[in-house]
K.L.:
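Would you mind keeping the following structure in view while I ask a few things?
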Amino acid sequence: MNDVLQTAKNCRHYAMCKIDFLGSGLCAPGAEKHYVCFYPQGRMDLYAALAEGRVPVTEKCVEIAESCDLCGKCDYQCYFVTEMKPSAVMKALKEHIALHLKSGGEVLAAEKDSILDGLKKIVGEYWASNDRAVALTYAHDPSPMAEPRPPEYVIMPESTAEISAVITHLNRHEIPYAVRGNGSSVMGFVMSEGAVIDLGRMKAIDFDEKNWLVKVGPGVAAFDLQKAAVQRGFRVNVAEPAALVCANIMCSGIFSTFSASYGTAADNYIDAEFVGLDGGVFRLSDRSAPNLFALSKEAAGIPGICSAAYIRLHPIGADEGAAFVPFASLEQALDFTRECARRRIGLAIAVLGGEYISVFLSPTKELAAEVKDTFRDKLKIEYLVLLIGDQYALAAIKAMGHHYFDKRMIRTLNLGLPSLTSAKWLDLLEEFAEGEPYSYIGLKRFPDLAEAALAPSPAQLVRDVDPELRPFFEKLYSRPEMTDPVWLNMFRIVSSRMGREKHVVPLIVYLPIDNKLIIDINSEFKRIADSHGLKNDFGFITPLDDGKRCVFEYDYYLDQNDADEKVKMRQAMMEAGMMIERFTAETGTVTWIMHVFAQGFSRKESFLYSAAGNEPCP
């Protein structure tokens, strides 16, 4: 496999090329034409299929290839996430189509179809397609559990009325369908052999500041909503930056580090509008509406399409800061996290493992590996607890007897990462290592000494970045927000790096902050992955409901193009699921996120405190 094809086949489908998260601009054809095939993600899939002879050259193929101006913006975005440079694929796609046309190759027109004609009457001529090139880019994701399923139709409605009419039309012709946000769940849930309804055109954001809410269309991504909210002095509780907010609530209820104070599931919204499975429209506040607040373990499929959500707004304090509190063991980190949550200290709280810490901070895979080893072996830090709060929350951490890296020290560590293994830095740590663990952090002179030892700068941080992109990234890391843990946790742009080396498969459970229970489940996750030779690591834990419960993510990784690894991953996921169910049966307090899937509008209490969901009254 040549380098260009390898790049094309390794797209993670995280949809980060569909949001302007670096301020470098969006792919212009994608922003104008909306179909995923016009974004770099779709072009990667299309080129791979053409190169392997899996799709013919169609009219849309030609339009897709010719619309790319090779601006190179996708390189900045994709390199930040995966260290790939997809512009080479974009160039190869254009050359492939140009050569095909020059040689007189056939260009297939879309087939005539009366059902498609009906869809076009609803959404407009351009916004419904049965072109095979378009369909291919909606046919698969890196999930090891799902096989490719090209849809017969791809439809992009622009209003609730159009969604309703589309559903009615599909039902009349008995055509199954899947509803797609940005497709970033990458678990095989947004594919259908019938139709895929892509909601990416519905991007309305309407603020009602006096009522502390914002009405969000189903095409609005988390990053874009957070950006709009922050510009008005507010914050919203959102998850992955490219995830569409309405779909994210429906899928998993939305959880983030801020869920420690803002909650999850029904805590995130005030009301919502749906198109039901019959095409009818209802609001959750309607007395006659279906009860989406309840949760059932046996529930199957979506209850409808969320066409708008009224999201809660939260204030941003002028004195907010962040702390990285180091710990040598998971038990210690959990004890601290539980105590902070019960005392309501902090807005955002998360226990982070070495993989998260190193990947989030590092612009390259090689540096991330070095940082992970250095934190564990040299700094003796196995876990960090991230806490974001106001000046009183940060003062409380010190009053509790803990030392922590503050915003200044976090910036120093981040921009000075390549020097963490330097003799000057390690000698400094050894000099001040006497006494209680991490006491050096609290010394008045330590921040200045650390800066002298690490010599932090954007130039140093990006010194191993691809030379062609290095000037851009040096300028990027000169921006204060790129090393500000408060901003980074609000916008979540570095979390996409979790899939930089390999595709990440998160395993997520809700359970009490019970040290033994968590450590037992953590050990079982690791044992299962190790037995199949899969890379794996602790992800994060965030407390919920004043520390009475938490959300725990453990991550497995696989090469999405390695057939053997996909088989191993399927086996590991099956064993992990059985293990979770065993703990559920034994404790009555553990809930696998699979039992919450498509029920994210439910009350969190229905899955945090009843592992089997809502039980019927006797």
Side-chain angles (χ1 to χ4, degrees), residues 12 14-34 38-41 43 68-87 90 182 184 200 203 205 214 216 219-236 238-245 256 316 320 322 359-364 407 410-411 414-415 456-463 465-500:
R12 300 288 190 261
Y14 295 166
M16 294 294 283
C17 58
K18 299 179 77 174
I19 57 172
D20 186 15
F21 66 100
L22 298 180
S24 53
L26 276 177
C27 171
E32 176 190 355
K33 299 176 184 291
H34 297 292
F38 286 97
Y39 283 99
Q41 173 182 317
R43 296 172 193 270
C68 176
D69 61 3
L70 298 177
C71 68
K73 293 174 183 176
C74 53
D75 281 353
Y76 301 139
Q77 296 173 315
C78 198
Y79 193 92
F80 183 91
V81 176
T82 64
E83 285 186 69
M84 293 195 299
K85 297 169 65 177
S87 62
M90 308 302 116
N182 259 343
S184 57
K203 298 180 182 295
I205 300 177
V214 54
V216 179
V220 176
F223 181 91
D224 295 327
L225 178 59
Q226 191 74 278
K227 182 177 179 180
V230 169
Q231 288 172 346
R232 291 164 174 79
F234 300 101
R235 178 188 290 127
V236 288
V238 289
E240 304 311 316
L244 301 191
V245 177
S256 73
I316 297 178
E320 289 181 0
V359 168
F360 285 7
L361 296 177
S362 307
T364 64
K407 282 180 70 172
I410 293 169
R411 178 176 172 81
N414 199 168
L415 295 180
S457 71
Q460 184 190 186
L461 178 62
V462 303
R463 69 186 186 188
V465 165
D466 184 289
E468 291 183 357
L469 303 180
R470 196 177 300 150
F472 171 83
F473 280 93
E474 182 175 349
K475 185 176 180 181
L476 176 70
Y477 278 102
S478 298
R479 288 160 34 186
E481 68 269 21
M482 293 305 298
T483 51
D484 178 356
V486 178
W487 190 93
L488 291 171
N489 272 273
M490 287 167 56
F491 286 91
R492 299 283 295 274
I493 66 171
V494 291
S495 62
S496 58
R497 285 177 172 168
M498 290 304 298
R500 180 163 54 191

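Sequence positions, counted from 1, serve as the residue numbers for this chain.
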K.L.:
Can you tell me how far apart CD (Glu320) and NZ (Lys407) are? Round to the nearest 0.5 Å.
P.N.:
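If I round to the nearest 0.5 Å, the distance is 8.5 Å.
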
K.L.:
Is there a donor-acceptor pair under 3.5 Å between the side chain of Arg492 and the backbone N or O of Leu488?
P.N.:
no

K.L.:
Using atom types as modelled and distance alone, determine if a side-chain donor or acceptor of Glu83 lies under 3.5 Å from a backbone N or O of Arg500.
P.N.:
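Between the backbone of Arg500 and the side chain of Glu83 there is no qualifying donor-acceptor contact (under 3.5 Å).
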
K.L.:
Between the main-chain N or O of Phe38 and the side-chain N or O of Arg43, is there a donor-acceptor pair closer than 3.5 Å?
P.N.:
yes

K.L.:
Look up atom NZ in Lys73 and atom SG in Cys78, then write down how far apart they are to the nearest 0.5 Å.
P.N.:
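Going from the NZ atom of Lys73 to the SG atom of Cys78 covers 16.0 Å.
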
K.L.:
Indicate yes or no: does Asp484 engage Arg411 in a salt bridge with an N to O separation below 4.0 Å.
P.N.:
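Arg411 and Asp484: not salt-bridged.
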
K.L.:
Determine whether the side chains of Thr483 and Asn414 contain a donor N or O and an acceptor N or O closer than 3.5 Å.
P.N.:
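Judged by distance alone, the side chains do not pair up.
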
K.L.:
How long is the span from the CG atom in Leu461 to the CZ atom in Arg470, to the nearest 0.5 Å?
P.N.:
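Interatomic distance, Leu461 CG to Arg470 CZ, rounded to 0.5 Å: 11.5 Å.
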
K.L.:
Has the side chain of Ser362 got a donor or acceptor atom that lies under 3.5 Å from a matching backbone atom of Thr364?
P.N.:
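No, Ser362 side chain to Thr364 backbone: no donor-acceptor pair under 3.5 Å.
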
K.L.:
Once rounded to the nearest 0.5 Å, what's the spacing between atom CD1 of Ile19 and atom NZ of Lys227?
P.N.:
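Going from the CD1 atom of Ile19 to the NZ atom of Lys227 covers 10.5 Å.
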
K.L.:
ring-ring contact (aromatic ring centres under 6.0 Å, His included) for Tyr79 and Phe472? Distances and angles first, verdict last.
P.N.:
CA-CA 11 Å; Tyr79 193 92; Phe472 171 83; over 10 Å; no

K.L.:
Donor-acceptor pair, Ser496 side chain versus Ile493 backbone, under 3.5 Å?
P.N.:
yes

K.L.:
Counting only N and O atoms by type, is there a donor-acceptor contact under 3.5 Å from the side chain of Asp20 to the main-chain atoms of Gly25?
P.N.:
yes

K.L.:
Taking Glu474 first and then Arg463, would you say they form a salt bridge - that is, a charged N and a carboxylate O separated by under 4.0 Å?
P.N.:
no

K.L.:
Keeping the roles fixed (side chain from Asn182, backbone from Ala243), state whether a donor-acceptor pair exists under 3.5 Å.
P.N.:
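Such a contact is absent between Asn182 side chain and Ala243 backbone.
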
K.L.:
Which pair of heavy atoms, one from Ala242 and one from Ala15, lies closest together, and at what distance?
P.N.:
CB-O, 3.4 Å

K.L.:
How are the rings of Phe21 and Phe80 set relative to one another: parallel (under 30°), tilted (30 to 60°) or perpendicular (over 60°)?
P.N.:
perpendicular

K.L.:
Which pair of non-hydrogen atoms, one from Phe491 and one from Pro241, has the smallest distance, and what is that distance?
P.N.:
O-CB, 3.5 Å

K.L.:
Within the distance-only criterion (no hydrogens, no angle test), does the side chain of Gln226 pair as donor or acceptor with the backbone N or O of Arg235 below 3.5 angstrom?
P.N.:
no

K.L.:
More than 12 heavy atoms of other residues, nucleotides or ligands under 6.0 Å from NZ of Lys203: is that the case?
P.N.:
yes

K.L.:
Take atom CD of Glu481 as the centre, draw a 6.0 Å sphere, and report whether it contains more than 12 heavy atoms from other residues, nucleotides or ligands.
P.N.:
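Yes, enclosed.
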
K.L.:
Specify the closest pair of heavy atoms between Asp224 and Ile205, including all atoms of both residues, with the distance to one decimal.
P.N.:
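Shortest heavy-atom separation between Asp224 and Ile205 comes out as O-CD1, 4.3 Å.
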
K.L.:
Quick one: pull up OG in Ser87 and CG in Asp75 and give me the separation to the nearest 0.5 Å.
P.N.:
3.0 Å

K.L.:
What I want to check is whether the side chains of Ser495 and Glu240 have a donor and an acceptor closer together than 3.5 Å.
P.N.:
yes

K.L.:
Which value, rounded to the nearest 0.5 Å, describes the distance between Cys74 atom SG and Leu26 atom CG?
P.N.:
11.5 Å

